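Okay, so here's the structure we're looking at.
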Amino acid sequence: DYILIEDPFPAGTQAIDRDRGYDIKGIALRVPQVHREFGDQRAAFFVPHASRGEMTLAYLLRATLPGDYNVMPARVMPMYDPQFAGNSSNTTIKVED
């Protein structure tokens, strides 16, 4: 039932894990029943069950160093059967001073 989504942070960024009080129109930073954890290099979301359709998960990052950075793909997998894992595409971001 549980699905793990791991999203690596781009270099030059760090997560803002204390995001209570931020109000961004149209974006829910907390999804009911979804647990999230932040490590030094990634965000992890633990989704108790997935239904057909779309789910949006969001978190805040703070840019710390200007530059062009590669963003590694996010990984999605069932927690108890990782042979069915998938991943997103990679991209680049530009952080300006």
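Bear in mind the structure is a predicted one, so any value in this text is a computation, not a measurement.
With sequence neighbours left out, R30 forms a side chain to side chain donor-acceptor pair (under 3.5 Å) with D19. Applying the ring pair (Phe, Tyr, Trp, His ring centres under 6.0 Å) test to F46 and every residue at least two apart in sequence or in another chain returns H35.
The shortest heavy-atom contact between D17 and R36 is O-NH2, 3.8 Å.
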Scan the side chains in residues 58-73 for donor-acceptor partners under 3.5 Å anywhere in the protein, sequence neighbours excluded, and list what turns up.
from : atom 1 : to  : atom 2 : distance (Å)
Y59  : OH     : D7  : OD2    : 2.6
T64  : OG1    : G12 : O      : 3.0
Y69  : OH     : L65 : O      : 3.1
Y69  : OH     : P66 : O      : 3.3

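Residue pairs meeting the salt bridge (charged side-chain N to carboxylate O under 4.0 Å, His left out) criterion with at least one partner in residues 39-52, sequence neighbours excluded, are E6-R42. Here ring-ring contact (aromatic ring centres under 6.0 Å, His included) pairs that include residues 74-97, with residues two or more places apart or in two chains, number zero. Judged as a side chain to side chain donor-acceptor pair (under 3.5 Å), not a single pair has a partner in residues 87-97 (not counting sequence neighbours).
Hydrophobic clustering, with ILVMFWY side chains joined whenever heavy atoms are under 4.5 angstrom apart, keeps Y2 apart from F45. V95 and F9 fall into different hydrophobic clusters, where Ile, Leu, Val, Met, Phe, Trp and Tyr side chains are chained together by heavy-atom contacts under 4.5 Å. Tracing side-chain contacts under 4.5 Å through hydrophobic residues (I, L, V, M, F, W, Y), one never reaches M79 starting from L57; they form parts of separate clusters. Under the 4.5 Å side-chain heavy-atom criterion for ILVMFWY residues, no single connected hydrophobic cluster contains both V31 and I16.
Other residues, nucleotides and ligands contribute only 12 or fewer heavy atoms inside 6.0 Å of the CD atom of E54. Within 6.0 Å of CD on Q41 lie no more than 12 heavy atoms contributed by other residues, nucleotides or ligands.
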